[in-house]
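Notes follow once the structure below has been shown.
Order of the sequence lines fixes the chain letters, A, B, ..., with proteins taken first and strands second; residue numbering starts at 1 for each chain.
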There are 2 protein chains.
Amino acid sequence: MALGKDYVTQECSIARALEVVGERWTLLVVRDALYGVRRYNDFLVHLGIPRAVLAARLQTLTSEGILEKRRYQESPPRDEYVLTESGIGLWPTLRSLGLWGREHVSGVKLREFRHALCDTELGPYGECRVCGTIVPVPDVVMVPGPGLDPDPADPVSKALLRPKRLLEPLVTEPV
Amino acid sequence: MALGKDYVTQECSIARALEVVGERWTLLVVRDALYGVRRYNDFLVHLGIPRAVLAARLQTLTSEGILEKRRYQESPPRDEYVLTESGIGLWPTLRSLGLWGREHVSGVKLREFRHALCDTELGPYGECRVCGTIVPVPDVVMVPGPGLDPDPADPVSKALLRPKRLLEPLVTEPV
DNA sequence: CAGGGTAGGTTCGGTCACTGAACCCTTGAC
DNA sequence: GTCAAGGGTTCAGTGACCGAACCTACCCTG
């Protein structure tokens, strides 16, 4: 946590959670990972985060068991960062935070989330209104909403314009 | 937001939300407000936050429309900080963040939340399993869980040991 | 009416996280 | 041999956060 200080007096699960994911950028890294971003460089260009900070976040998220670093090719050695179960568990939090931001801060719908099996838009708790069940994260499809810039500058944002399932690895166009 | 920098490149409701509530201490102030804390001094002793930071947070939260500052006595002039509708809208986020912290960080159940009308423990989305509805925040009762220290040092934590509804103003024992 | 207590701040020097830019290493392609 | 790309590390500067001290307005008590 920021300043090396924990919320030491707080006997509270929310405080414990914030000690892990409450630093600047951390939740945005997790969000990108949910959207399918896996590579250092993709996080870098999409978030506009300083390299040193990204390296630090990826390392703490890995050591906290939220991301898993895994080698996907040997030569040259390349690693990718994939969400663990614990990391996927942050989906409801990010979902409700996003809804709150849309409703009380930005006022614009930038993305929609739908149930892959029946194409119904999710309710506020990530449930499918038609099927009446909580939709598992891999069955959530993200599609761009009306407020989203149709021609973004960076290739990661471009790739995220295409409807895709959460967690499904992002493929960026080779420049 | 920290360092005067917003998440400027991010076209995303989550980023917008974090610009408002993503600073250190901010979400804990909102949590305390949900628990019924209203006064400067109660926030201070309960959070263990530096006075200057608390003053700054209360001011930004007020100007962002999440808290409302209101005079509750004239002489001496005293103000209290009460959640607005927008602030209450953060309940689902805090609820899911707390659940995640309990499940993936602390592992201990510190508090329980129940439906006031039927005394059923809430489900993960703040719904009542018996009534089948989302419980409005004022109808949520908070009761201490098994893992909570039964004899805390500060009077605010003491007062929070008694079951009470969310938002209901906290009354601290006069020392 | 002096002294003490309380609520709600502001000020201030020091520390530490974040920032942006530059540099480094390994590998593969030309 | 040279270049580019991916994935980092290093480093000086800035500014948020830290704790402690100080300030103000009002009330109560002797």
**Request:** Ignoring backbone atoms, test whether A:W25 places a side-chain nitrogen or oxygen under 4.0 Å from the OP1 or OP2 oxygen of C:dT19.
**Result:** yes
**Item:** A:W100 side chain near B:V20 side chain, heavy-atom distance below 4.5 Å
**Value:** yes
**Request:** Check step by step if salt bridge (Lys or Arg N to Asp or Glu O under 4.0 Å) holds for B:R129 and B:E127.
**Result:** CA-CA 6 Å; B:R129 300 173 203 268; B:E127 81 280 14; 5.1 Å; no
**Rounded interatomic separation in angstrom, taking CD1 from B:I49 and P from C:dT10** = 14 Å
**Request:** Could you check whether the rings of A:Y81 and A:F43 sit parallel, tilted or perpendicular, using 30° and 60° as the cut-offs?
**Result:** perpendicular
**Request:** Would you kindly give the CG-to-C1' distance between A:D79 and C:dT27, to the nearest whole Å?
**Result:** 14 Å
**Request:** Answer yes or no: does a side-chain N or O of B:S75 lie under 4.0 Å from OP1 or OP2 of D:dC27?
**Result:** yes
**Message:** Rounded to whole Å, please give me the gap between CZ in A:R51 and P in D:dA12.
**Reply:** 19 Å
**Asked** In whole angstroms, how far is the C1' atom of D:dT9 from the OH atom of A:Y40?
**Response** 9 Å
**Request:** Calculate the interatomic distance between B:E23 atom CD and D:dG15 atom C1'; express it in whole Å.
**Result:** 12 Å
**Request:** Report which part of the nucleic acid A:V53 touches: base, sugar-phosphate, or nothing (heavy-atom distance under 4.0 Å, all strands).
**Result:** base
**Message:** Between A:R78 and A:Q59, which residue's closest nucleotide on DNA chain D lies nearer the 5′ terminus?
**Reply:** A:R78
**Message:** As an exercise, state the distance from CZ of A:R38 to CD of A:E68, rounded to the nearest 0.5 Å.
**Reply:** 10.0 Å
**Message:** When you compare the side chains of B:H46 and B:D154, does any donor N or O come within less than 3.5 Å of an acceptor on the partner?
**Reply:** no
**Message:** For C:dG8 and B:N41 - does any side-chain N or O of the residue sit under 4.0 Å from the phosphate oxygens OP1/OP2?
**Reply:** no
**Upstream residue (5' side of DNA chain C) when A:R57 and A:P76 are each assigned their closest nucleotide** = A:R57
**Request:** Whole angstrom is fine here: how far is it from CZ in A:F43 over to C1' in D:dG8?
**Result:** 15 Å
**Message:** Without decimals, in angstroms, what is the distance between A:R71 CZ and C:dT26 P?
**Reply:** 13 Å
**Item:** 5' precedence on DNA chain C between B:E80 and B:A52 (nearest-nucleotide basis)
**Value:** B:E80
**Asked** Within the structure, does a side-chain N or O atom of B:Y81 lie under 4.0 Å from either OP1 or OP2 of C:dG9?
**Response** yes
**Asked** Nearest of D:dG7, C:dT19, C:dG9 to any side-chain atom of A:R39?
**Response** D:dG7
**Asked** Atom CG of A:L54 to atom P of C:dA21: distance rounded to whole Å?
**Response** 16 Å
**Item:** side-chain N/O B:K69 vs C:dG9 OP1/OP2, d < 4.0 Å
**Value:** yes
